[in-house]
Amino acid sequence: MPTAVDRCLADLDRNAPDALAAADALAAERKAAGDAEGARRIEERCLAIRRRTLGENAPETLSTAGNLARSLAALGDLRGARRLEEDVLDATRKALGDEHPDTLTAMNNLAGTLKALGDRRTARRLEETALAARRRSLGDEHPDTLTAMNNLATTLWQLGDAPAALALQQAVVDTRRRVLPADHPDTLTALANLATMHWQQGDRETTRALQQTVLDGRRRQFGDEHPATLRAMNNLAATLWQTGDGDGARELQLAVVNIRARQFGDSHPDTMLAAWNLINTLLHRNENELAGELLKRHLVPLMLAEPDGLDAELRRVRERLLVEAVRLLPR
């Protein structure tokens, strides 16, 4: 039976009225649903049509090329994404100038792909250029400027310039707190990014304080069962364990397992990963009986699964699980 993507491609082939607009909407929907391949199929056809009818450098053509590049990146074709993004940036610069918002967005997109390819130095140069332009045109407190600061801070961190990265990320946090509510999602995301940097620097106490602030904000904002709250709980649990608060880590991890099981079932991948985190904590606390009960309740399907059908994280968990099961499961 033809899928929605198949029907969309057929409408494009027939040149049906409003087919391109409908195709754009469906591609965005498929991408949001995690179907990057479906989005790619649509975007490739739309790009070919727009190149033929509008020309290589028309705004609609460049927008479609940028969308296709992001789909290719999501599918792992980073070199294909890079080629498209370089073309989009060159064409946008020529048409609109170096400091037009569309040019700066194209710089940001290319920088992200370059980082994924390991070319962080070129990414840094692009991000520094984009940030300087954002500051000149929008000021230091505009959301686009702060996003550019966050992107550059991440790149500086990856290049090993921890002092500059921390200073820039702290500036993002300070500005977010000044211009947005304390529990605004952007403020909490900036705090979480700063916490990650302090964690990697080994500053567990600062990390713990920041992560507690993030968790409290996520709970007020979304409640206990939202994915963002659960991520914050997991992050704080890891820090609590590292700072010697095993009871606090255990309590948070057990709450995450129970919520995941209620939401998705005992053997959903998210539940299994949460259970594995808790099992590791229990084993270090010599709570082997409860660890064994959790293993039987949540992780037996993972032990029996074919490794080729699992993602990399679940395969790693399965390998360790098979070792631990020998001493946790009854003979």
Side-chain angles (χ1 to χ4, degrees), residues 32-34 143 146 150 169 172-173 176-177 179-200 203-285 287-302 310-311 313-314 316-317 320-321:
L146 295 171
N150 184 80
Q169 189 62 42
V172 173
V173 168
R176 295 287 194 199
R177 282 176 153 165
V179 302
L180 296 172
D183 291 346
H184 190 281
D186 291 345
T187 305
L188 296 175
T189 297
L191 283 165
N193 292 340
L194 182 60
T196 298
M197 291 182 178
H198 281 291
W199 167 272
Q200 292 174 352
D203 185 353
R204 299 291 188 257
E205 291 302 328
T206 301
T207 301
R208 177 176 180 164
L210 289 167
Q211 289 175 337
Q212 185 67 63
T213 300
V214 171
L215 176 55
D216 293 344
R218 295 296 192 199
R219 280 174 161 157
R220 287 190 295 268
Q221 182 186 39
F222 296 127
D224 283 344
E225 302 198 358
H226 190 276
T229 307
L230 295 172
R231 282 194 299 273
M233 292 168 72
N234 272 328
N235 292 339
L236 178 57
T239 302
L240 291 174
W241 180 260
Q242 289 287 329
T243 54
D245 186 359
D247 291 342
R250 181 188 188 279
E251 179 183 352
L252 282 174
Q253 289 174 330
L254 182 57
V256 172
V257 171
N258 290 335
I259 292 168
R260 290 297 195 195
R262 187 163 61 248
Q263 290 175 327
F264 302 126
D266 283 343
S267 299
H268 186 276
D270 290 348
T271 309
M272 290 192 289
L273 290 172
W276 176 244
N277 289 336
L278 176 57
I279 286 170
N280 275 294
T281 298
L282 295 172
L283 291 175
H284 282 95
R285 290 165 59 90
E287 295 185 60
N288 289 9
E289 183 176 349
L290 180 54
E293 291 174 7
L294 285 164
L295 189 153
K296 285 186 287 184
R297 186 182 312 148
H298 299 294
L299 293 173
V300 168
L302 181 58
L310 303 172
D311 66 27
E313 187 173 14
L314 283 173
R316 286 194 297 271
V317 170
R320 292 188 57 198
L321 185 60

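Fair warning: this is a prediction, and the values are worked out from it, not measured in the lab.
Judged by distance alone, with hydrogens and angles left aside, the side-chain atoms of R250 form no donor-acceptor pair with the main-chain N or O of L278 at under 3.5 Å. Although no hydrogens or angles enter the test, the distance criterion places no donor-acceptor pair under 3.5 Å between the side chain of T271 and the main chain of S267. Under a 3.5 Å cut-off, the side chain of N280 and the backbone N or O of W276 do form a donor-acceptor pair.
Residue R262 places its CZ atom among more than 12 non-hydrogen atoms of other residues, nucleotides or ligands, all under 6.0 Å distant. A 6.0 Å sphere centred on CD of E225 holds more than 12 heavy atoms belonging to other residues, nucleotides or ligands.
Distance check, rounded to the nearest 0.5 Å: CD of Q211 to OG1 of T239 gives 3.5 Å. Annotation: the span from L252 atom CG to N277 atom CG amounts to 12.0 Å, rounded to 0.5 Å. To the nearest 0.5 angstrom, L273 atom CG is 10.0 Å from R316 atom CZ. The line from CG of L180 to OG1 of T187 is 4.5 Å long, rounded to the nearest 0.5 Å. To the nearest 0.5 Å, atoms CD (E205) and CD (Q242) are separated by 11.5 Å. Atom-to-atom distance recorded for L215:CG and M233:CE is 6.5 Å, nearest 0.5 angstrom.
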Step-by-step side-chain contact (heavy atoms from CB on, under 4.5 Å) determination, I279 to E293: CA-CA 10 Å; I279 286 170; E293 291 174 7; over 6 Å; no
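When side chains are defined from C-beta on, H298 counts as touching V257, because their heavy atoms get closer than 4.5 Å. A heavy-atom distance below 4.5 Å is not found between the side chains of R176 and V173. Side-chain contact check for V214 versus N235: every heavy-atom pair is 4.5 Å or farther apart. The shortest side-chain heavy-atom distance between P269 and L314 falls under the 4.5 Å cut-off. Looking at D247 and R285, their side chains come closer than 4.5 Å, going by heavy atoms from C-beta outward. A 4.5 Å side-chain heavy-atom check between L321 and L302 finds at least one atom pair inside the cut-off. Between T206 and M197 there is no side-chain heavy-atom pair separated by less than 4.5 Å. Side chains of D266 and M272 form no contact here, defined as non-hydrogen atoms less than 4.5 Å apart.
No side-chain N or O of Q253 forms a donor-acceptor pair with one of N234 less than 3.5 Å apart. One side chain, R208 or T243, offers a donor N or O that lies under 3.5 Å from an acceptor on the other.
Here D183 does not pair with R219 in a salt bridge; the nearest charged N to carboxylate O distance is not below 4.0 Å.
Under the side chain to side chain donor-acceptor pair (under 3.5 Å) criterion, R218 pairs with T189, Q221, sequence neighbours left out. In this structure, the ring-ring contact (aromatic ring centres under 6.0 Å, His included) partners of H268, at least two apart in sequence or on a different chain, are F264.
Scanning both residues, H184 and D186, for their nearest heavy atoms gives ND1-N, 3.0 Å. A291 approaches L283 most closely through the heavy-atom pair CB-CD2, 4.0 Å.
Considering L240, L236, T207 in turn, L236 is the only one that fulfils the side chain to side chain contact (heavy atoms under 4.5 Å, CB included) rule with Q212.
Centroid-to-centroid, the aromatic rings of H284 and W241 come within less than 6.0 Å.
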